[in-house]
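The block underneath contains the structure these notes are about, expressed in structure tokens.
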Amino acid sequence: MQLDYEQELNPEQYDAVTAIEGPLLIIAGAGSGKTRVITFRAAYMLQKGIPQSSILALTFTNKAAKEMAERVRTVTGKKLPNLTVSTFHAFGVKILRKEIHRLGWRENYSIYDEVDRNQLIKDCARETGFKLETFDVNKAGMLFSDVKTERKNWEGVDDGYEKVFHEYQAALKAYNAVDFDDLIGLPVRIFQAFPEVREEYRDHYRYIMIDEFQDTSLQQYQLMRLLARDNVCVVGDDDQSIYSWRGANYQNIINFEKDWPRRKEVTLYRNYRSTTTILDAANSIIANNTNRKLKDLRSPNEGGAQIELLSPANELDEGEQIATIIREIKLKDKLRYDQFGVLIRTNNLTRYLEEAFLGANIPYKVTGGTSFFGRKEIKDIISYLRVIANPEDDVNLIRIVNVPRRGIGRRSVELLTDVAKSRGCSLRAAMEAVRGDPFIEFPDRTRQDVESFLGLLEMFREELLHRRNLAVKVRKLVDAIDYWGYLVNDNQHNDKAAKWKFLNVESLIKGIDTWEKDPDNLDPSLFAWLNRISLITRDDQEEDDTGKVNLMTIHAAKGLEFDVVFIAGCEDGIIPHARALEEGDGNVEEERRLFYVAVTRARQRLLISVCQQRRRNAMPVNCVPSPFLAEIPEHLTCWREPESELSEDEQAAVWQDVRKMFGKDAE
DNA sequence: CGTCTCCAGGTTTTT
DNA sequence: CCTGGAGACG
């Protein structure tokens, strides 16, 4: 397909797309066609004969990566198997898989998520002699992450914590595991310590693009700088920086200006997404922030509906009202359900909305929330697979050693830990030692239990590593440990819960099946699968999303747009979030940016809901509207009026809808 | 020594 | 309201 770039793009966009040699900084306001620029830019490079394998496009979320890859494929009409579009973390995994041996890990390393990490920190704290009450695991986790990403040092920190930290680092290595920070930090270390490796990657990825640059951390910036020669393009918007709590630092935009003084700079300010009503509101909200790169968005879509405010009595009412309005607008404006987005600040708010949608028979899709992979039953099975893949993984081993119950309880684990400590080996090795050496003091019964547990793991390691049909083998494993029996037993008074959990396990297995049968999947091994799912938080199964209302956090909504957007729970304490404000004063501005991101997701209509009361920990609390609401010029807003009476035609349409719903699947 | 039951405390956003 | 941890029971 031959693209007419000049036709398809405005002058600034064209500038950005065609400047493929040399450093380029694109400041792209919300809705200014940033994704379009990136995809066209990739297409332009390919057209100029640059091989796909030398292009590296990095984004922040899996969703964004997936979407970008898809769009480039659509625009070029090619499959592009060797084009690298991935998140920073996935890219780190890719490098580590090949290079981590240089730092003393083995390639079958485990990736620890936050739960695993906190568990390990807890163990290390206990080891170091902390009492569980005096030790705040969450705080330690954040501190450790800050230290690892070089945002903090040990100055002024209780030195007990530093000890725990070193213990933690040592334990990770001993277990052949890494945490999320390591996925970026270790590649950086490798590139610094092995210049020849760095050169190899530099030669390979000669054209680099980074999306959502305002969300990169210092560490990620380092990785980029080690990798990039001259052809590096970063795209960002300081006004949409909403990940500073995770180390994102929009100062990186300034760093970039310093490090690549010869750069070209393009600002995209024309907004094609929203009405001027919505843009004016957004502009005047963000104007309250200091220290920004000034750029007011301009839109050719004059006018537009006013921003409507709702004031439901409580969160239940809120859900019902939103559900009702969605149905009304859908009919009036002839929209599909997937053209609606309902945004919230925190995941726990999804619950009421989901219930309301269920009650109103509105199809919806939740992005985020308690992730599929965070569910206990799923984590259990995955822990088995991790231990099978990486026997030294003590955290996951402890997790499953007695799930389902097999007689290896607290005391036995303590004994085994003693053995491991005295020999300086992993728990798994300790188990093997106990099996092989009858002179180690150990209760006979438990020794037998340990032996059969080891036998199970070894048998399945053989199966899972050396043969095909991963899904079949995993099902066999689930059967072998009688996980179903365990679920029934563990949920004695709740058949439904047991069934539900088992269905989740089934769907996990089905997911493996689809994944390994995908013809584009070049490496359907257990390791590859584990690496992949470690980076997925959402349940990203390829479902048919069309025709479903989108329910998600504002963070998850970044980069997306909807014709009609609801911002629910727009109350003081929720946005800005009380906890964020406790942390520091810069956080008000970040919360404001978050609100700005939410507002700018809307194309046509924006509705904001403020509850009068909300239940918090089972206690109803009176709500105060978010202070950000006052930053919207009054003339742009109005209270929501009920839709006018439906015409006869429309009534007929409603009935048809209802009938369809009870017939087969409604659209 | 393993398992069951009760109780207290608490959760922002994501890789 | 749900989780995780500590104490009682068998």
Side-chain angles (χ1 to χ4, degrees), chain A residues 58-65 86-93 111-115 117-119 122 126 132-133 136-138 141-142 145 149 178-185 212 215-217 219-220 241-248 343-349 351 367-371 373-376 401-415 442-443 445-446 449 489-490 492-493 497 531-538 540 552-558 569 573-583 587 590-591 593-595 597-598 615-619:
Chain A
L58 292 175
T59 66
F60 224 61
T61 61
N62 296 306
K63 196 169 190 172
S86 87
T87 63
F88 268 99
H89 289 86
F91 183 61
V93 169
I111 302 170
Y112 280 2
D113 67 11
E114 208 170 343
V115 178
R117 183 195 69 176
N118 283 357
Q119 190 57 52
K122 226 182 280 175
R126 212 173 286 142
L132 355 96
E133 283 98 11
D136 185 338
V137 183
N138 277 310
M142 266 153 60
S145 177
T149 54
V178 301
D179 63 19
F180 276 131
D181 294 319
D182 291 332
L183 293 179
I184 315 293
E212 307 287 10
D215 289 330
T216 48
S217 64
Q219 214 184 11
Q220 288 163 336
S241 162
I242 55 176
Y243 281 97
S244 72
W245 48 274
R246 213 180 86 181
L343 310 186
I344 58 246
R345 170 69 232 265
T346 63
N347 280 309
N348 57 352
L349 300 182
R351 221 192 144 123
T367 317
T370 316
S371 84
F373 295 100
R375 293 176 211 273
K376 251 234 198 71
V401 69
N402 208 27
V403 175
R405 319 255 120 92
R406 56 169 64 85
I408 310 177
R410 201 186 316 167
R411 182 65 199 149
S412 304
V413 172
E414 254 170 54
L415 283 174
F442 214 75
R445 234 198 105 148
T446 317
D449 292 331
N489 203 304
D490 223 45
Q492 295 201 5
H493 314 289
N531 279 341
R532 179 174 160 274
I533 55 113
S534 303
L535 301 176
I536 294 179
T537 42
R538 291 183 307 274
D540 250 352
M552 62 181 85
T553 63
I554 301 172
H555 283 88
K558 192 156 74 142
I574 294 184
I575 180 160
H577 199 280
R579 213 168 188 93
L581 297 190
E582 279 168 26
E583 299 285 311
N587 289 339
E590 172 139 331
E591 294 288 307
R593 288 193 291 270
L594 201 50
F595 189 60
V597 168
R615 231 165 241 286
R616 205 169 162 72
N617 287 345
M619 282 290 290

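Here is how names work: the chains are called A, B, and so on, in the same order as the sequence lines, proteins then strands, and each is numbered from 1.
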A side-chain contact here means heavy atoms from C-beta on lying under 4.5 Å apart; do A:Arg445 and A:Pro443 qualify? no

Out of C:dC2, B:dC1, C:dG4, which has the shortest distance to the side chain of A:Lys122? C:dG4

Take atom CD of A:Gln220 and atom P of B:dT14, then tell me their distance rounded to the nearest Å. 16 Å

How about A:His555 and A:Leu594: do any of their side-chain heavy atoms sit closer than 4.5 Å? yes

What is the distance, to the nearest angstrom, from the CG atom on A:Asn489 to the P atom on B:dG2? 17 Å

Mind checking whether A:Phe60 and A:Arg246 have side chains closer than 4.5 Å, heavy atoms only? yes

Is a side-chain donor or acceptor of A:Arg345 paired with a backbone partner of A:Ile554 at a separation under 3.5 angstrom? no

Rounding to an integer number of Å, can you tell me how far A:Gln119 CD sits from C:dG5 C1'? 11 Å

Find the distance A:Arg126:CZ to C:dA6:P and express it as a whole number of Å. 7 Å

A:Leu349 side chain near A:Ile574 side chain, heavy-atom distance below 4.5 Å: yes

In terms of the nearest nucleotide of DNA chain B, which residue is placed more toward the 5' end: A:Glu114 or A:Gly409? A:Gly409

Would you say A:Asn118's side chain and A:Gly141's backbone share a donor-acceptor pair under 3.5 angstrom? no

Quick one: does A:Glu590's side chain get under 4.5 Å of A:Trp245's, heavy atoms only? yes

note: A:Arg375, atom CZ; C:dC2, atom C1'; distance rounded to Å ~ 14 Å

Verify the contact: side-chain N or O of A:Ser412 to OP1 or OP2 of B:dC1, cut-off strictly under 4.0 Å; return yes or no. no

Using a heavy-atom cut-off of 4.0 Å across all strands, would you classify A:Arg405 as base, sugar-phosphate, or nothing? sugar-phosphate

Backbone N/O of A:Ala580 and side chain of A:Asn587: donor-acceptor pair under 3.5 Å: yes

Spacing between A:Phe442 atom CZ and B:dC1 atom C1', to the nearest angstrom: 12 Å

With heavy atoms under 4.0 Å as the rule, sort A:Gly92 into base, sugar-phosphate or nothing. nothing

Looking at A:Lys376, I'd like to know whether one of its side-chain N or O atoms comes within less than 4.0 Å of OP1 or OP2 on C:dG4. yes

Would you check if there is a donor-acceptor pair between the side chains of A:Ser145 and A:Asp181 at a distance under 3.5 Å? yes

Grab the N/O contacts between the protein and nucleotides 8-10 of chain C below 3.5 Å, and write none if there aren't any.
none

How close or far is atom P of B:dT3 from atom CG of A:Asp449, stated in whole angstroms? 9 Å

Listed pairs, N/O of protein and of nucleotides 11-13 of chain B, under 3.5 Å:
unit_1, atom_1, unit_2, atom_2, d
B:dT11, OP2, A:Arg579, NH2, 3.3
B:dT11, O5', A:Arg579, NH2, 3.4
B:dT12, OP1, A:Arg579, NE, 2.7
B:dT12, O2, A:Arg345, NH1, 3.2
B:dT12, O2, A:Arg345, NH2, 2.4
B:dT13, OP1, A:Asn347, N, 3.0
B:dT13, OP1, A:Asn347, ND2, 2.7
B:dT13, O2, A:Trp245, NE1, 3.3
B:dT13, O2, A:Arg345, NH2, 2.5

